[in-house]
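When reading the values below, keep in mind they use all heavy atoms of this one structure, side chains included, and skip hydrogens, waters and symmetry mates. In what follows, every chain begins at residue 1, and chains take the letters A, B, ... in the order their sequences are listed.
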Amino acid sequence: MTPPEETATGQEAETAESPPAVSLSVTQPISVLRKRADFLACARAAKAGTDSFLLQGRARDDGTQTVRVGFTASKKTGNAVLRNRAKRRMRALAREVIAAKGQAGWDYVLVAKPGATVSRVYAHMLADLEHAMDRVHNPKPRG
RNA sequence: GCGGAUGGCCGGACGGUCGCGGUGCGUCCAAUCAGCGAUGACGUAUCGAGGAAAGUCCGGACUCCACAAGGCAACGGUGCCGGGUAACGCCCGGCUGGGGAAACCCAAGGGAAAGCGCCACAGAGAACAGACCGCCCCGCAUGUCGGGGUAAGGGUGAAACGGUGGGGUAAGAGCCCACCGCGGGACUGGCAACAGGACCGGCAUGGCAAGCCCCACCGGGAGCAACGCCGAAUAGGGACCUCGCGGGCCGCGCGCCCAAGACCGCCUUGGUCUGGAGGUCCGGGUUGGCAGCUAGAGGGCACCGGCAACGGUGUCACCAGAGGAAUGAUCGUCGAACCGGAGCAAUCCGGGGAACAGAAUCCGGCUUACAGGCCAUCCGCGCAU
RNA sequence: UGGGGUGUAGCCAAGUGGUAAGGCAACGGUUUUUGGUACCGCGUACCGUAGGUUCGAAUCCUACCACCCCAG
């Protein structure tokens, strides 16, 4: 009785991720990074620092098309209120910029900077993120 | 009006646009004949951080583990008395002591005649007292002398064995007296802590218990990352089935021997290791999912009891439930602190743009952080009457 | 979120109520042509912060601050 059910649910779980990515081609579906290993993988990949924050990004190369975004605010950022506000402002940025310009199959991580991420003018942060994404997508080899 | 004391409350306001989390309702989408219609998507309605959500310092609820009951011991905690409470180390009322001109505030505030211990340095002496300098008497060898009396004076110390005055004396001393302090205390008031106190005692009892301790009371341990359920991949464990052994042995198990292979750089010798494959099921179990998870010793209002903390009755509403963790972005109007200017002043003009801080199982407290504002009561001063 | 621990000189640290040891480093001196080594000397502590108990606190009590560790 049980064996056929298990195989069926297993196939369903595998195919569940691909259909939404294929069906929605205009705007990218964004999911949130949750695993610590994913954050560490992004930390080893391309980086682009700005006055507002630090952007890390990488192509997963696992066949799926989902764009995923993670947010990091360490204790250096400040107390809990400042850490949460930094994450929320970065989340708002990601909703505007990464949803439009993010490349399929990539993971992005935004790292807060003490002070700047909370206090910087939002319009400047939008420009910072667009610029940073260009640099992550087209890395310049530096000596 | 100014200065102060106490208690309580608020913690930027309103609106637009784009977004986020929960719940209700509606629509859409499936493996699979029908039924039910999850996750998800969209629409709509509604709700969506705090007075400290914090520190994690106490007390509980809840869950698991341990456990016959009671006593004793050990360990930890609490500590004036009475009350409140589910409970508390919390709160209320009172007492005592201290601070303040007052309103009022502060206090780990039981026991030091149960016992032990400690009190450095200084000082003669530091705790059933003692005698360095003194003071006084006597003796003679008349002095840097000996014996005795004394504890008033000096000096040391945080602390020196009642204080002040008088009498008394060789000098002194509660030796005697007055007042104060101290100890005991009939009796009176109070539930009690305690207060008052006739009378008695010439003074006995230095401090430290946030030193050991004694007395009284309380306490089993761990924590929602507790606990319960479902359970992919990979590796390993157990049970069973099928196929297959290069040869030999036999107890027939996948056991032993030989051959074979790999390694010890290579060769010889020698040594070590390997000696099956596939399938099904079971149990443990990580990522993950579900649940615990929010209706409560809860809140608002009214009345009653109580000085109060609080309790009782009635009534009203449902008021966050996330999980790399929901509150954000932006615009407009108004806006406190603060800054600049004008004015005798009230005030006006311009700038400025809100403190501490974010739920994580849930309650009751404590503590700490906090821009600014509002209300009530009380005390003192000033003015008017 | 819960549980536990540590703060003493630049570093490592001893110190259970009475003037806060010791070592390394630093600094100065001697020896050496110079450096190193060796020897001698020397300073540095509001004992994490603030209150309290006590005559007296690094030590005892209370509150706070900072840092570290453990548990999925």
K.L.:
What's the spacing between A:D128 CG and A:F53 CZ if we round to 0.5 Å?
P.N.:
5.5 Å
K.L.:
In Watson-Crick or G-U wobble terms, both distances under 3.5 Å, what is the partner of B:A120?
P.N.:
none
K.L.:
B:U368 pairs with which nucleotide, Watson-Crick or G-U wobble, both distances below 3.5 Å?
P.N.:
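B:U368 is unpaired by these criteria.
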K.L.:
Could you measure the distance from the OG1 atom of A:T77 to the CZ atom of A:R85? Nearest 0.5 Å is fine.
P.N.:
13.5 Å
K.L.:
Could you tell me which nucleotide pairs with B:C33 by Watson-Crick or G-U wobble geometry, both distances under 3.5 Å, or answer none if nothing does?
P.N.:
none
K.L.:
Send over the distance from A:R83 CZ to B:A54 P, rounded to a whole Å.
P.N.:
13 Å
K.L.:
Work out how far the C1' atom of B:C370 is from that of B:G364, and round it to whole angstrom.
P.N.:
24 Å
K.L.:
Using the C1' atoms only, state how far B:C266 lies from B:C254, rounded to an integer number of Å.
P.N.:
37 Å
K.L.:
For each nucleotide in nucleotides 324-332 of chain B, reading 5' to 3', give B when a protein heavy atom comes within less than 4.0 Å of its base, S when such contact involves only the sugar-phosphate, and - otherwise.
P.N.:
BSSSSSS--
K.L.:
Rounded to whole angstrom, note down the C1' distance from B:G149 over to B:A131.
P.N.:
12 Å
K.L.:
Do A:E96 and A:Y122 meet the criterion of a side-chain donor-acceptor pair at a distance under 3.5 Å?
P.N.:
yes
K.L.:
Pull up the glycosidic torsion of B:G51 and say syn or anti, syn being anything within 90° of 0.
P.N.:
syn
K.L.:
Taking the C1' atom of each, how far is B:G306 from B:C338, in whole Å?
P.N.:
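Result for the C1' pair: 50 Å, nearest Å.
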K.L.:
If B:A107 has a Watson-Crick or G-U wobble mate with both distances under 3.5 Å, name it; if not, just say none.
P.N.:
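Here B:A107 is engaged in a pair, and the nucleotide opposite it is B:U96.
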K.L.:
Give the minimum heavy-atom separation between A:M90 and A:V111, together with the two atoms involved.
P.N.:
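Heavy atoms of A:M90 and A:V111 come nearest at SD-C, 4.1 Å.
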K.L.:
Is C:C27 in the syn or the anti form, by the rule that syn lies within 90° of 0?
P.N.:
anti
K.L.:
Just grab all the salt bridge (Lys or Arg N to Asp or Glu O under 4.0 Å) pairs involving residues 70-83 of chain A, residues at least two apart or on different chains.
P.N.:
none
K.L.:
Which value, in whole Å, describes the distance between the P atoms of nucleotides B:G312 and B:G3?
P.N.:
46 Å
K.L.:
Both distances under 3.5 Å, Watson-Crick or G-U wobble: report the partner of B:C179, or none.
P.N.:
B:G163
K.L.:
In whole Å, what separates the C1' atom of B:G48 from that of B:G19?
P.N.:
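Rounded to whole Å, the distance is 15 Å.
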K.L.:
Counting only Watson-Crick or G-U wobble pairs whose two distances fall under 3.5 Å, which nucleotide matches C:G10?
P.N.:
C:C24
K.L.:
Say we look at B:G255 and B:A239: how far apart would their P atoms be, to the nearest angstrom?
P.N.:
14 Å
K.L.:
Between A:K113 and A:D51 (salt bridge meaning N to carboxylate O under 4.0 Å), is one present in this structure?
P.N.:
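So A:K113 does not pair with A:D51 through a salt bridge.
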K.L.:
My understanding is that only residues two or more places apart in sequence, or in another chain, count here; which of them pass side-chain contact (heavy atoms from CB on, under 4.5 Å) with A:D107?
P.N.:
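Residues passing side-chain contact (heavy atoms from CB on, under 4.5 Å) with A:D107: A:L33, A:C42, A:R58, A:R60, A:R68.
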K.L.:
C:C47 and C:C60: how far apart are their C1' atoms, nearest whole angstrom?
P.N.:
16 Å
K.L.:
Does any nucleotide pair with B:G1 by Watson-Crick or G-U wobble geometry, both distances under 3.5 Å, and what is it?
P.N.:
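When the pairing criteria are applied, B:C381 turns out to be the nucleotide that pairs with B:G1.
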K.L.:
Using purine N1 to pyrimidine N3 plus N6-O4 or O6-N4 for Watson-Crick, or N1-O2 and O6-N3 for G-U wobble, both under 3.5 Å, which nucleotide pairs with B:A141?
P.N.:
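Check on B:A141: unpaired, no WC or wobble geometry under 3.5 Å.
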K.L.:
Could you state whether A:L110 and A:L82 fall into the same hydrophobic cluster, counting links through intermediate Ile, Leu, Val, Met, Phe, Trp or Tyr residues with side-chain heavy atoms under 4.5 angstrom apart?
P.N.:
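A:L110 and A:L82: separate clusters.
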K.L.:
Syn or anti for B:A49, given that syn means the glycosidic angle lies within 90° of 0?
P.N.:
syn
